[in-house]
Amino acid sequence: MPEPAATTAGAAPAPWSLTGRTALVTGAGSPSGIGMATARLLGQLGASVWLAATSDRVHARAAELRAEGLAAHGLVADLADPDQAQRAVTTAAGEGLHVVVNNAGMVAVGDPAGAEQGDIAAMGVQAWRAGLARNLDTAFHVTRAAVPHLRRAGWGRIVMVASVTGPVMAMRGEPVYAAAKAGLVGLTRALAVDLAADGITANAVAPGWIATGSQLPHEVREGAHAPVGRSGTAAEVAAAIAFLASPGASYVSGQLLVVDGAASVAEERALP
């Protein structure tokens with residue numbers, strides 16, 4: 001699909017318009033999360049949006065967006081399972097697929113296979129593999145299934161939601177999460193090179209401390225020490241994702257866009 005032509009006065013600027021495009025956003029079950037905020041913004045830019053999550057609550061999120069006048073649909077799938085990922089992508093790509101936002105994945109506080117947090121010497125192999133499956137394999141499975149559809153469209157945007165943890169910095173006791181998120185950036189750069197000739201870009205965003213429903217009290221305190229003096233919002237991360245998913249970002253590929261209120265560049269952490 002070619003880049004859209006310039007719009008008339010009063011319409012959405014062509015570099016940002018996603019009218020006629022279809023987008024898949026994973027990890028979009030939380031009402032306050034980055035996935036939901038991203039789906040909402042892509043829909044406002046004109047895209048038909050498919051939201052994916054591991055539970056039925058994703059259908060409530062899609063219904064919320066439809067109530068706002070947006071084209072939205074929900075999918076329930078465990079994207080760590082390659083077969084479920086393939087089915088989800090096939091469903092979303094029924095009439096073409098143009099934008100894939102790999103947002104699924106997070107830290108697991110507890111896991112039957114063993115703790116994914118803490119000292120690496122005490123970490124079990126199952127816990128390591130579970131963390132990688134949740135935060136890295138999901139993106140691999142979805143992207144592998146989506147690329148043929150993006151190639152068929154002749155236009156595509158892949159955006160990975162990584163983190164400052166791993167690609168930029170590290171937190172204590174988070175070896176699996178850091179390794180997986182750093183792996184997402186490596187995957188992004190490889191895709192950017194391999195898919196460039198197909199008209200497909202691949203980029204990643206690295207959120208810092210973000211105020212969502214899952215943010216813990218100590219994370220709120222850490223966010224207050226960012227130079228901007230607060231945690232970011234899901235909508236602010238969504239804005240970065242939407243830029244990378246837009247026609248206007250056609251010459252941006254293989255890049256990591258950090259969204260952390262300058263926390264990762266401030267040498268002096270004590271407040272003045």
Just checking, any donor-acceptor pair under 3.5 angstrom between side chains of T165 and E174? no
Can you find a heavy atom in the side chain of V76 that is under 4.5 Å from one in the side chain of D56? yes
Between H149 and R152, does any side-chain donor sit less than 3.5 Å from a side-chain acceptor? yes
Stepwise, does the side-chain contact (heavy atoms from CB on, under 4.5 Å) test hold for E95 with T22? CA-CA 8 Å; E95 295 185 2; T22 298; 5.7 Å; no
For the residue pair H141 and P82, establish whether any side-chain heavy-atom pair is separated by less than 4.5 Å. yes
What distance separates W16 CH2 from Q44 CD, expressed to the nearest 0.5 Å? 15.5 Å
Is any side-chain heavy atom of T201 closer than 4.5 Å to one of L191? no
Residues in salt bridge (charged side-chain N to carboxylate O under 4.0 Å, His left out) with R57, at least two apart? none
Tell me if a side-chain donor or acceptor on S32 pairs with a main-chain N or O of G213 at a distance below 3.5 Å. yes
Surrounding CZ of R66 (heavy atoms of other residues, nucleotides or ligands, distance under 6.0 Å), is the total greater than 12? yes
Write down the atom of A39, the atom of L65, and the distance for their closest heavy-atom approach. CB-CD1, 3.9 Å
Stepwise side-chain contact (heavy atoms from CB on, under 4.5 Å) check, L150 with L195: CA-CA 10 Å; L150 302 180; L195 303 178; 5.8 Å; no
Quick one: NZ on K181 to CE on M160, what's the gap to the nearest 0.5 Å? 10.5 Å
If I compare all heavy atoms of G43 with all of V49, which pair ends up nearest, and what's the gap? N-CG2, 3.7 Å
Should V164 and V161 be counted in the same cluster of Ile, Leu, Val, Met, Phe, Trp and Tyr side chains packed under 4.5 Å apart? no
Nearest 0.5 Å, what's the CG-OG1 distance between L97 and T91? 11.5 Å
When rounded to the nearest 0.5 Å, the distance separating CD of E222 from CE of M171 is 9.0 Å
Value for CZ (R189) from CG (N203), rounded to nearest 0.5 Å, stands at 10.0 Å
Are V100 and L18 grouped together when hydrophobic residues (ILVMFWY) are joined by side-chain heavy atoms under 4.5 angstrom apart? no
Which of L244, L256, I34 passes side chain to side chain contact (heavy atoms under 4.5 Å, CB included) with V205? It is L244
Could you walk me through whether D260 and V168 pass side-chain contact (heavy atoms from CB on, under 4.5 Å), step by step? CA-CA 11 Å; D260 73 344; V168 182; 5.7 Å; no
Salt-bridge test for R230 and E236: reply yes if a basic N is under 4.0 Å from a carboxylate O, no otherwise. yes
Using a 6.0 Å distance limit plus a 45 degree cone around the ring axis, check whether R157 lies over the aromatic ring of W155. yes
Any chain of hydrophobic side-chain contacts (each under 4.5 Å) joining L136 to L79? yes
How close do T26 and A104 get, counting heavy atoms only, and between which atoms? OG1-N, 2.9 Å
Could you check whether any side-chain N or O of D198 sits under 3.5 Å from a backbone N or O of I200, counting only pairs where one atom can act as donor and the other as acceptor? no
Side chain of S246, backbone of F243: donor and acceptor closer than 3.5 Å? yes
Could you give the distance from CG (L24) to NE2 (H98), rounded to the nearest 0.5 Å? 13.0 Å
Shared hydrophobic cluster for W50 and V142 (ILVMFWY, side-chain gaps under 4.5 Å): yes
Just by distance, do the side chain of E219 and the backbone of P217 share a donor-acceptor pair under 3.5 Å? no
Any donor-acceptor N/O pair, N103 side chain to A28 backbone, under 3.5 Å: no
Correct closest heavy-atom pair for N135 and A180 would be CB-CB, 3.5 Å
Looking only at heavy atoms, which two atoms of D78 and Q84 are closest? And how far apart? N-OE1, 2.8 Å
Within a strict 4.5 Å, meaning less than it, do heavy atoms of the I210 and S231 side chains meet? no
Backbone N/O of G29 and side chain of R61: donor-acceptor pair under 3.5 Å: yes
Show your working on side-chain contact (heavy atoms from CB on, under 4.5 Å) between V258 and S264 and close with a plain yes or no. CA-CA 9 Å; V258 177; S264 59; 3.9 Å; yes
Which heavy atom of S48 sits nearest a heavy atom of H73, and at what distance? OG-NE2, 3.8 Å
Spell out, yes or no, whether L257 and V159 are grouped together once hydrophobic residues are joined by side-chain heavy atoms under 4.5 Å, including indirect joins. yes
